[in-house]
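Down below is the structure, laid out as structure tokens.
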Amino acid sequence: MYNSKITSLQGGGAVARVLGKLYPNLSKAHRKTADYVLANTFRAATMTIDELSEAAGISLATANRFAHALGFDGYAPFRNALVADFASSLAPVEKMRHEVQKSATSVEIMSAALSNDIRNIEATLQSLVPGHCDQAVEMILKAERIFVVGFGASAFLAGIMVHALEPFCRTVLSGVHPGGPSQTGRQFFKLDERDVVIAMAYPRYATDTVRLARRAVEKGAKLIAFTDLPHSPLVPLADVTIYSQTERQLSPTSDAAALVLIQALCDAVAHRAKRSVQAASQMAEFVLPWLYLPQQQQRPVVSKAAGRAKTAKTAKDVSTRRKTKA
């Protein structure tokens, strides 16, 4: 019988189309393999032939013959076709698969990662467009309200930006809430042309960020995009885009260059803001009770027995002085 799971295969790529045509004619063992692939498409795309064989409960020979039965030259082309349906999502996994096969010490890996981030920051510096930087700063300073939104790792970056902009902008709000994206949508319902939304999305791009950015534009708000490349889904929506290079070998994104760029833009806002020094001073004074100061060091702990002895000695000294005066 035709397998209804075929219609729900995510991506609808080459493997889905082939399985849709050939499934009724597959052998029992190959249907078993097909059922596993259809139920675990993304996972299957990341598996070696040995891993698929074990997970699906089939032999290596069956896994290889299954690929041939679908018209592929072998398991590798079959897996490549699966990967193609998830190209952007699986690219970091494929890079990691390649990198972890290399022999290297921990310090070599750490040094390579730091060197990679330095290259990203240098590339980000070279890609700065003066006009775009000025436009972004001006939009932020003129905004009635600023909403900073990002999900996944970008949520942490967004939080840092909110923290850095607060002393110099009247109203800076985080678009990330415990209620999730739907709560942010409720907040965005009130947006208008006086507001600015700063949206952050780096590979792998979060759908919620793109959807909310689109809604913000529909409501008339101005949009500043922080992203990596011109093909980012945020670019067509944005009034101005600030790019940072975020390539990394063992993870989807390098947050270092993105963070440095965020801090750099906040410095530019602080420099252009009116009464920025006074604002920073007042903010520092206001939060002073929560800041650690040297004089707040605790006094040496005195035991109860020692405390009672000291109290008794003090009382005795006072009594002696009174008798002397009398």
Side-chain angles (χ1 to χ4, degrees), residues 1-113 116 151-154 201-208 228-229 231 233 246-255:
M1 183 179 292
Y2 180 79
N3 191 335
S4 61
K5 294 178 183 177
I6 293 173
T7 59
S8 64
L9 178 60
Q10 188 172 353
V15 176
R17 291 192 295 271
V18 171
L19 280 174
K21 293 178 181 179
L22 300 181
Y23 187 89
N25 300 318
L26 293 176
S27 68
K28 183 178 180 180
H30 289 169
R31 285 190 183 187
K32 181 180 180 182
T33 311
D35 288 342
Y36 179 84
V37 171
L38 291 170
N40 305 276
T41 313
F42 186 87
R43 186 178 302 172
T46 69
M47 288 179 169
T48 64
I49 189 171
D50 303 83
E51 292 168 339
L52 177 65
S53 172
E54 181 179 355
I58 58 174
S59 66
L60 291 174
T62 298
N64 195 48
R65 285 195 295 266
F66 171 73
H68 282 283
L70 298 184
F72 297 99
D73 292 335
Y75 184 80
F78 160 73
R79 182 173 168 275
N80 289 340
L82 281 178
V83 169
D85 285 348
F86 304 94
S88 61
S89 298
L90 282 177
V93 179
E94 294 305 301
K95 284 197 299 182
M96 177 176 286
R97 186 187 302 278
H98 175 73
E99 290 297 321
V100 297
Q101 292 175 349
K102 299 178 181 178
S103 177
T105 65
S106 296
V107 70
E108 288 173 338
I109 295 298
M110 294 171 66
S111 297
N116 184 87
F151 294 96
S154 294
Y202 299 95
R204 296 167 276 195
Y205 309 110
T207 300
D208 289 327
D228 63 323
L229 292 170
H231 68 244
T246 59
E247 296 177 359
R248 197 172 186 83
Q249 292 303 111
L250 293 178
S251 60
T253 302
S254 168
D255 295 323

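Numbers here are sequence positions counted from 1. If you're wondering where the values come from, they're calculated on a predicted model, not measured in any experiment.
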Query raised in the report: Is the backbone of P24 close enough, under 3.5 Å, to the side chain of R31 for a donor and an acceptor to pair up by distance?
Result: yes
dist L70:CG -> L22:CG (nearest 0.5 Å) comes out at 6.5 Å
Side chain to side chain contact (heavy atoms under 4.5 Å, CB included) filter on T105, not counting sequence neighbours, yields V107, E108
Query raised in the report: Where the side chain of R79 meets the backbone of M47, is there a donor-acceptor pair that is under 3.5 Å apart?
Result: yes
When every non-hydrogen atom of A206 is compared with those of F151, the smallest separation belongs to CB-CB, 4.1 Å
Examine distances only and state if a side-chain atom of T246 and a backbone atom of S254 form a donor-acceptor pair shorter than 3.5 Å. no
Separation between CG (L52) and OG1 (T33), nearest 0.5 Å, reads 6.5 Å
Value for OH (Y75) from CG (L82), rounded to nearest 0.5 Å, stands at 7.5 Å
What one should report as the nearest heavy-atom pair of A29 and T62 is CB-CG2, 4.0 Å
F78 and A67 have their tightest heavy-atom pair at CB-CB, 3.8 Å
Interatomic distance, CD1@I58 vs CD1@I49, rounded to 0.5 Å, equals 8.0 Å
To the nearest 0.5 Å, atom CG of D255 lies from atom OG of S154 at 7.0 Å
CG (N25) and NE2 (H30) are apart, to the nearest 0.5 Å, by 13.0 Å
field: Whether N80 side chain and A76 backbone form a donor-acceptor pair below 3.5 Å
entry: yes
Would you check if Y23 and D35 make a side-chain contact, meaning some heavy-atom pair closer than 4.5 Å? yes
